[in-house]
Amino acid sequence: MNRDIGVLISGRGSNLQAIIDATRAGRLDARLAVVISNRADAHGLERARAAGIETLVRDHRAHASRDAYEAVLVDDLRARDVQLVCLAGFMRLLGATFVNAFPNRILNIHPALLPAFPGLHAQRQALEHGAKLSGATVHFVDTNLDAGPIVLQAAVPVLDDDTEDTLAARILEQEHRIYPEAIQRILNGNWTITGRRVVFRRQA
Ligand code: GAR
């Protein structure tokens, strides 16, 4: 089995960069086969091009339905035989057409300790709720929003003088650390999903 991955982005692409950097540093044994953005102006596309990775722009607005759009993404990724799809700031909801094409093979990174604060503006939600801890979650993607089995999490404190930006920056540091690690552990195999629990077996 190859260790090719596809990364889906919509914007800045700092998590994509962390994945690229981890492969270069030898912390992540994976090959980025393709980076797909739903926006032509996503800065992450430049990061991918600079790293010599194939890029595709697939604008959701060019398709009549979500299913039609997702079918295109599925074709793109299958044509490249990717083992794992990594959502990295991809700001589109994915439905059954996409999710069922890659069962237990889609990861997402979310800037909160799920199941707290799913959806948009997770850092703002944490501040407004008065949470004292927040963090980052890598999880499998199912058809519910930010709801699939959790692979890795990291917690950070919420400080009294935090703004949305300072909290987001503290969380982002952890995102960049745990996303490549989670990808590596999933690609390595030796894990099972029992109920909602992702359990890593010890390597022999
Ligand atoms: C990251 O903070 C990621 O966790 C978040 O968008 C940002 C993308 O940044 N994703 C979500 O909120 C998904 N619900 P990046 O483009 O620099 O990686």
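In listed order, ligands and their atoms are each counted from 1. Position 1 is the first residue of the sequence; numbering continues from there.
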(request) Measure from NZ or CZ of Arg58 to the centre of the six-membered ring of Tyr69 and say whether it is under 6.0 Å with the direction within 45° of the ring axis. (result) no
(message) I need the contact residues for ligand 1: any residue with a non-hydrogen atom closer than 4.0 Å to the ligand, ordered by chain then number.
(response) Arg12, Gly13, Ser14, Asn15, Gly89, Met91, Ile109, His110, Pro111, Leu172, Glu175
(request) State whether Asp21 and Arg27 are salt-bridged, where the test is any N-O pair (Lys NZ or Arg NE/NH1/NH2 against Asp/Glu carboxylate O) under 4.0 Å. (result) no
(request) Can you sort out the partners of Arg3 under salt bridge (charged side-chain N to carboxylate O under 4.0 Å, His left out), two or more places apart, ordered by chain and number? (result) Asp29
(request) Only counting residues at least two apart or in another chain, list the ones meeting salt bridge (charged side-chain N to carboxylate O under 4.0 Å, His left out) with Arg124. (result) Glu164
(message) Using the ring pair (Phe, Tyr, Trp, His ring centres under 6.0 Å) criterion, which residues pair with Phe98? Sequence neighbours excluded.
(response) Phe102
(request) Identify the two heavy atoms, one from Ile5 and one from Cys86, that lie closest to each other, and give their separation to 0.1 Å. (result) CD1-SG, 4.3 Å
